[in-house]
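These notes concern the structure reproduced below.
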Amino acid sequence: MSPERSVPDKPSLEGLEARWGEEWEREGTYRFDRTKTRDQIYSVDTPPPTVSGSLHVGHVFSFTHTDTIVRYQRMRGRECFYPMGWDDNGVPTERRVENFYGVRCDPSLPYDPDFRPPAEPPKGNRRDDLVRCSRRNFIDLCFGLTAEDEQAFEELWRHLGLSVDWSLTYTTINDQSRRASQRAFLHNLARGEAYQSEAPTLWDVRFEMAVSQAELEDREQPGAYHQVAFGRDGGDPLVIDTTRPELIPACVALVAHPDDERYQPFFETQVRTPLFGVPVPVKAHRLADPEKGTGIAMICTFGDTTDVTWWRELDLPVRAVVGRNGRLLPDAPHEFTDEATDLYESELAGKTLFSAKERIVELLGEAGALRGEPRKITHPVKFYEKGDKPLEIVTSRQWYIRNGGREDDLRQALIARGKELDWHPGYMRARYEDWIEGLNGDWLISRQRYFGVPIPVWYGVGPDGEVDHDTVLVPDEDALPVDPTSEAPPGFDEGQRGQPGGFVGEADIMDTWATSSLTPQIVGGWVDDDDLFQRVFPMDLRPQGHDIIRTWLFSTVVRSHFEHDTAPWRHAAVSGWILDPDRKKMSKSKGNVVTPMAILDQYGSDAVRYWSANGRPGTDTALDEGQMKVGRRLAIKVLNVSKFVLKLGDTPPPPDARITHPVDRAMIARLATLVDQATSAFEGYDYARALERTESFFWWFCDDHVELVKGRAYGNEDAAGDAAGSDSARAALEEALGVLLRLLAPILPYATEEAWSWWREGSIHRAPWPDPTEVVMDAGDGDPLVTEVASAVLSEVRKAKTEAGVSLRADVESVVVRDTPERLAALARAADDVQDAAKAASVSTEDDDTFSVSVVLAPVAEG
RNA sequence: GGGCGCUUAGCUCAGCUGGCUAGAGCACCUCCCUUACAAGGAGGGGGUCGGGGGUUCGAGUCCCUCAGCGCCCACCA
């Protein structure tokens with residue numbers, strides 16, 4: 001303890017963020033000490049926010065939760081490995097660059113060292129208006145823009161007071177990430193966990209790329225049922241119901257349920273598709289629902305995932321008409337007659353699916369194949385979560401990583417990994433298990449995009465000049481990261497690219513989750529710093545939102561299971577969402593997004609953190625500026641009560657001052673209980689409960705305890721204010737203040753650090769967390785009943801004064817307390833303090849079963 | 001259709017393993033410039049703890065059931 005005290009006359013929250021932010025940086029308060037051993041370290045697999053715009057209040061909310069946990073662990077003496085990452089890799093960045101600069105990547109263009117994006121992005125959102133540039137130019141723009149964004153993000157996080165070690169920052173596109181990502185992929189490939197396959201896949205026609213199951217979302221879309229007749233030689237037509245008449249040229253069969261008596265006579269007979277006259281069989285399959293539409297459906301290649309199942313299980317041919325750009329293919333399927341081909345190519349080829357549908361409905365009408373009017377409906381349609389056009393299904397060669405979607409053994413093993421984690425809150429594990437149970441395929445990781453980690457393989461080119469995808473060429477691990485589109489594989493040179501007997505590079509990049517599923521490895525030094533990796537992995541904590549359990553959390557477990565045969569962390573803390581005050585999910589399109597810097601400036605970081613920490617783990621929470629006001633009031637109170645306690649008397653209480661007075665000892669006993677509760681709450685990752693307990697004690701401490709002992713602490717003559725009584729009061733106040741500041745430090749890092757700095761050496765954030773046994777040793781045998789009854793009496797006196805409309809300072813002639821003998825005995829031990837705090841001339845007691853207090857105010861002196 | 005969560009004061013929410021007249025903050029009303037704090041402080045009104053049933057000496061708290069809300073997943077001809 002420093003004898004020097006500098007307590008300001010008028011404490012203020014203004015400017016604390018800037019001042020302490022600089023001080024913490026200068027002192028390296030949050031710098032990770034890598035000489036510590038694994039058991040001394042607490043490591044965090046921080047979620048890297050997507051750098052494609054701005055952080056929102058939801059980020060502030062959840063990152064604050066993690067920060068409170070980390071700060072607690074640090075005060076418990078753990079060395080915290082708390083890095084920050086930026087997820088700049090992937091589609092969101094590409095789309096932001098396209099919009100920001102008005103450019104798009106055209107991989108066929110050569111690199112132009114003098115390329116400049118247009119001064120003004122083109123108006124509107126037509127992709128054809130975007131200026132085309134080479135892949136390398138495009139990637140340069142991605143790097144440039146993300147670097148700017150990342151700087152702004154860091155400023156916000158520093159202002160919020162995240163206790164991150166900023167020297168540990170990574171990005172998901174940097175060399176370290178690309179090396180880790182490619183290395184892990186190569187290991188997966190070598191062990192047979194990664195494989196390529198040519199198959200129908202979900203396809204986004206806007207981005208022209210494949211997407212995985214984890215990236216899907218349903219959106220309600222308008223549509224219409226059309227009843228369409230399929231002609232039958234020598235009989236009545238069969239009528240199907242479809243929402244996608246534009247796929248009739250892709251029809252390969254009709255299907256009904258095997259038990260459906262209406263259609264049983266037609267199974268394995270042929271019908272003809274309307275307009276095109278292609279003969280297709282009628283099939284039976286259990287997935288056909290007799291209740292839907294007319295009970296018989298057309299199977300197209302491919303309208304939806306059920307089509308894919310039918311196509312596979314019924315062994316049907318492919319008759320594709322949808323191109324990768326979302327337009328109908330220029331050429332009609334081979335099986336079409338000349339007449340059908342003419343019709344297709346003159347009326348439909350090249351049309352978007354939307355206009356093809358309009359035209360084909362007209363044609364069906366003219367041909368008399370349409371029964372009745374289309375019936376409008378709205379129905380859920382699958383979208384890529386970041387896309388704006390419905391997904392189509394096209395056949396393509398893609399890379400996959402096994403994830404249990406096809407193998408029960410692996411599925412069970414991954415569920416078991418989930419059970420190794422402590423989930424906060426516990427019920428979040430169900431979402432993880434549900435997701436795994438519902439997987440219907442392996443993880444599709446290849447993306448036909450540019451700004452991401454390349455899939456690090458090449459393929460051999462045969463003597464005939466044909467690419468042989470079965471001949472997979474891989475790089476040496478120490479050559480990573482590689483770009484197969486600009487570097488040659490081992491044993492080849494660039495001149496052999498695309499040549500017979502040479503090679504071609506894989507042009508696809510990996511799904512962004514294929515890289516971010518390796519964040520523990522990336523930041524932990526897996527590729528080039530094994531010493532660090534051994535100290536931090538498996539990590540202690542993965543904090544994240546519940547919306548990405550199926551993506552980020554799950555994929556990280558998959559990679560760690562394969563690579564390290566372990567769960568990647570011990571704890572998973574799952575945060576809720578921020579809702580706007582109407583309890584709608586916040587979103588930019590609704591215009592209800594509040595910018596974080598504005599509220600941090602308005603209320604102060606501690607206040608916003610207070611609001612965040614009030615959100616229970618995993619619970620969706622409404623944005624509530626009222627709570628920020630409360631937080632601000634709490635932070636100001638922390639400063640004021642600290643000032644009061646530290647400025648009592650001209651000199652600090654003597655170091656050997658004993659806490660002797662029953663009121664002080666009672667307070668300390670309650671404090672010990674509080675420390676116990678706050679500690680076990682934090683141990684259970686329940687920062688909100690820790691805060692609630694501490695806050696509640698804190699206000700009682702300020703409102704009741706301080707008022708009770710104030711007179712004695714001042715050394716007032718009429719308050720039995722001998723030196724020992726005063727020393728006891730002041731020593732207890734200082735002890736409690738020191739404990740309370742530390743209990744609040746994880747939530748309110750600025751106000752507590754400020755107050756701590758007035759009388760203590762070093763940062764509060766490196767000070768030891770209060771130890772309940774230590775507090776008990778000081779005065780833990782105090783009787784809480786003493787202060788409980790005293791508080792109750794004081795409260796009654798205040799009530800009497802308030803109701804009489806007089807000042808709380810007003811003199812009281814007499815106070816009569818009626819209560820049980822036990823409670824009156826406790827009160828007697830606090831009599832001097834109660835009398836002084838009440839400004840009462842006398843306090844007397846009477847035995848009674850129920851507690852009551854009579855207050856007689858002194859006559860008000862005139863003047 | 002399956003899973004999970006929620007339903008406590010006008011609003012936002014605490015009430016952990018069942019235990020004294022159900023709490024906090026905001027909002028509302030009243031009073032008080034008191035030497036820590038007026039961008040304060042002290043008090044007050046306001047709740048059949050979603051409905052019903054059960055276990056128990058005792059249920060907001062445990063069990064069953066119904067209803068509503070939300071999220072996740074499946075289906076989506």
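Chain identifiers are assigned alphabetically (A, B, ...) following the order of the sequence lines, protein sequences preceding nucleic acid strands; residue numbering begins at 1 within each chain.
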Is there a donor in the side chain of A/Trp443 and an acceptor in the side chain of A/Ser555, or the other way round, less than 3.5 Å apart? no
Let me know the distance between CD of A/Glu788 and C1' of B/rC20, rounded to the nearest Å. 11 Å
With distance as the sole criterion, do the side chain of A/Arg550 and the base of B/rC72 form a donor-acceptor contact below 3.5 Å? no
Mark yes or no: A/Lys292 above the aromatic ring of A/Tyr225, with NZ or CZ under 6.0 Å from the six-membered ring centre and no more than 45 degrees from the axis. no
Contact under 4.0 Å: A/Lys382 side-chain N or O vs B/rC76 OP1/OP2: no
Is the distance from OP1 or OP2 of B/rG15 to the nearest side-chain N or O of A/Arg616 less than 4.0 Å? yes
Rounded interatomic separation in angstrom, taking CG from A/Asp620 and P from B/rC71: 9 Å
What nucleotide, of B/rC76, B/rU35, B/rC73, holds the atom closest to the side chain of A/Trp435? B/rC73
Looking at A/Lys637, does any N or O in its side chain come under 4.0 Å of the phosphate oxygens OP1/OP2 on B/rG41? yes
Would you say A/Ser680 reaches B/rC16's phosphate, i.e. side-chain N/O to OP1/OP2 under 4.0 Å? no
Measure from the side chain of A/Ala622, starting at C-beta and using heavy atoms only, and say which of B/rG41, B/rU12, B/rC75 lies closest. B/rU12
Phosphate OP1/OP2 of B/rG43 contacted by A/Arg798 side-chain N/O (<4.0 Å): yes
Among B/rG25, B/rC75, B/rG44, the one nearest any side-chain atom of A/Glu803 is B/rG44
Of the candidates B/rU35, B/rG43, B/rA38, the side chain of A/Thr802 sits closest to B/rG43
Take the angle between the ring planes of A/Phe697 and A/Phe701 and call it parallel below 30°, perpendicular above 60°, tilted in between. parallel
Distance below 4.0 Å between A/Gln221 side-chain N/O and B/rC76 OP1 or OP2: no
For the pair made of CG in A/Asp304 and P in B/rC75, what is the distance, rounded to whole Å? 9 Å
Taking B/rG43, B/rC4, B/rG40 as options, the one with an atom nearest any side-chain atom of A/Ala430 is B/rC4
Check the orientation of A/Trp611 and A/Phe61. Use parallel for under 30°, tilted for 30 to 60°, and perpendicular for over 60°. tilted
A/Ile549 has an atom CD1; how far is it from atom P of B/rG5, in whole Å? 13 Å
If you compare every side-chain N and O of A/Arg429 against the phosphate oxygens of B/rC4 (OP1, OP2), does one of them come in below 4.0 Å? no
At under 4.0 Å, does any side-chain N or O of A/Thr306 touch on OP1 or OP2 of B/rC76? yes
Testing the 3.5 Å rule here: is there a donor-acceptor pair between the side chains of A/Arg319 and A/Thr301? no
Identify whether any heavy atom of A/Asp703 sits under 4.0 Å from a base atom; if not, whether one sits that close to sugar-phosphate; answer base, sugar-phosphate or nothing. sugar-phosphate
Is it true that A/Tyr384 and A/Trp203 have ring centroids separated by less than 6.0 Å? no
Return the stems involving RNA chain B, sorted by first number, where pairs are Watson-Crick (N1-N3 with N6-O4 or O6-N4) or G-U wobble (N1-O2 and O6-N3), both under 3.5 Å, and runs are 3 or more long. B:1-7 with B:67-73, B:10-13 with B:23-26, B:28-32 with B:40-44, B:50-54 with B:62-66
Below 4.0 angstrom from OP1 or OP2 of B/rC37, is there any side-chain N or O of A/Lys647? no
When only distance counts, do a donor and an acceptor, one from the side chain of A/Arg809 and one from the base of B/rU35, lie under 3.5 Å apart? yes
Could you check whether A/Tyr432 and A/Trp423 have their ring centres less than 6.0 Å apart? yes
Plane angle bin for A/His705 and A/Trp700 - parallel if under 30°, tilted between 30 and 60°, otherwise perpendicular: tilted
